[in-house]
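All values derive from a computational prediction rather than experimental measurement.
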Amino acid sequence: LNPDFLSSLSVALPSLPHLNKLSLSFANCEGLINQTSATFFESLSSLKELTTLELDFSNILAFDSFCLDYFSKALLKMSELKRLSVKLSSCSNITSDSLDNFLTSITKSTRLTNLNLNLIKSRINEEVINNFGAGIHQLLFLETLDLNLMACQDISEEELHVLAQKCSL
């Protein structure tokens with residue numbers, strides 16, 4: 001993909017105010033993520049009727065904490081979002097603090113019914129898991145939670161059991 005694609009998409013999205021589903025895969029598109037990422041996420045937040053968002057940033061080293069922080073801010077403005085699927089597999093330049101902010105933004109999306117997070121090989125740690133577990137109860141309408149934490153080395157099996165218990169309360 002041309003690196004200008006994200007810029008063009010950022011300009012086009014606000015002209016689709018009634019869009020209710022957006023599914024984009026940028027997996028393995030290393031050159032696509034750059035300084036225009038912030039503009040892309042800002043344009044996402046202009047989609048006030050968006051109910052389903054599916055984004056795949058797997059295997060993009062350039063997708064870092066800076067990008068995720070902008071995405072987190074955009075999520076806070078998406079009040080109609082019901083279904084969210086985000087793949088950040090092997091995005092190793094995302095810090096645990098940014099993951100924590102991202103997951104906190106998700107728990108403020110109180111209309112969510114379906115949540116699918118692929119965080120394979122992420123830097124998620126005990127504190128982030130605990131914060132997410134504490135905030136998951138804000139998602140009163142959540143029906144489906146699919147959380148993939150395979151190969152996350154900074155969390156233990158015990159911490160995953162604690163998260164499972166918090167989710168089942």
Is it true that Tyr70 and Phe41 have ring centroids separated by less than 6.0 Å? no
What pair of heavy atoms forms the shortest contact from Leu99 to Ile124, and how long is it? CD1-N, 3.5 Å
Side-chain contact, heavy-atom cut-off 4.5 Å: Leu139 with Leu145? no
Quick one: does any side-chain atom of Asn114 pair with a main-chain N or O of Thr144 as donor and acceptor, under 3.5 Å? no
Roughly how far, to the nearest 0.5 Å, is CG of Asn131 from CG of Asn101? 10.0 Å
Looking at Met78 and Leu44, what are the two nearest heavy atoms and their distance? CE-CB, 3.5 Å
Taking the side chain as every heavy atom from C-beta outward, state whether Cys67 and Asp64 have any pair of such atoms under 4.5 Å apart. yes
Transitively linked via ILVMFWY side-chain contacts under 4.5 Å: Leu24 with Phe71? yes
Give a yes or no on whether Lys21 atom NZ has more than 12 heavy-atom contacts from other residues, nucleotides or ligands under 6.0 Å away. no
One should read off an interatomic distance between Leu75 CG and Lys77 NZ, to the nearest 0.5 angstrom, of 11.0 Å
Shared hydrophobic cluster, Leu16 / Leu9 (ILVMFWY, side-chain heavy atoms < 4.5 Å): yes
Between Arg83 and Thr52, what is the shortest heavy-atom contact and its length? NE-OG1, 2.9 Å
Evaluate side-chain contact (heavy atoms from CB on, under 4.5 Å) for Val86 paired with Ile106, printing each intermediate quantity in order. CA-CA 11 Å; Val86 180; Ile106 289 173; 5.7 Å; no
With Glu127, which residues qualify under salt bridge (Lys or Arg N to Asp or Glu O under 4.0 Å), at least two apart? none
To the nearest 0.5 Å, tell me how far Gln138 CD sits from Thr107 OG1. 4.5 Å
Please report the interatomic distance CG(Leu103) to OG(Ser96), rounded to the nearest 0.5 Å. 11.0 Å
Would you please test Val11 and Ser43 for side-chain contact (heavy atoms from CB on, under 4.5 Å) and show each step? CA-CA 7 Å; Val11 171; Ser43 70; over 6 Å; no
Which one of Leu160, Leu117, Asn118 satisfies the side-chain contact (heavy atoms from CB on, under 4.5 Å) criterion with Leu147? Leu117
Show the nearest heavy-atom pair for residues Val128 and Asp100, with the distance to one decimal. CG2-CB, 3.8 Å
Those residues that, when tested against Phe132, pass ring-ring contact (aromatic ring centres under 6.0 Å, His included) (two or more places apart): none
Close side-chain approach of Thr39 and Ser7, heavy atoms under 4.5 Å: no
Is there a side-chain hydrogen bond (donor to acceptor under 3.5 Å, both in side chains) between Ser58 and Asp56? Walk through the geometry before answering. CA-CA 6 Å; Ser58 297; Asp56 186 350; 2.7 Å; yes
Carefully, step by step, assess Leu68 and Phe63 under the rule side-chain contact (heavy atoms from CB on, under 4.5 Å). CA-CA 7 Å; Leu68 191 60; Phe63 193 91; 4.1 Å; yes
Transitive ILVMFWY cluster of Leu76, excluding itself - 4.5 Å side-chain cut-off: none
Decide, yes or no, whether a salt bridge links Glu80 with Arg111 under the criterion of side-chain N to carboxylate O below 4.0 Å. yes
Side-chain heavy atoms nearer than 4.5 Å, only ILVMFWY residues, links allowed to pass through others: does that put Phe102 and Leu61 together? no
Thr51 (side chain) donor-acceptor with Asn20 (main chain) under 3.5 angstrom: yes
Hydrogens and angles aside, do Ser98 and Asp69 bring a side-chain donor and acceptor to less than 3.5 Å of each other? yes
Nearest 0.5 Å, what's the OG1-CG distance between Thr113 and Leu84? 10.5 Å
Minimum heavy-atom distance Ser90-Lys121, with the two atoms named: OG-CD, 3.6 Å
May I ask you to check whether Glu54 and Ser85 show a side-chain donor-acceptor distance below 3.5 Å? no
Rounding to 0.5 Å, atoms CG (Leu119) and SG (Cys91) come to a distance of 9.5 Å
Any idea how Phe40 and Phe26 line up, ring-wise: parallel (<30°), tilted (30 to 60°), or perpendicular (>60°)? perpendicular
State yes or no: do Ile120 and Phe57 share one hydrophobic cluster built from I, L, V, M, F, W and Y residues joined by side-chain heavy-atom distances below 4.5 Å, directly or via other members? no
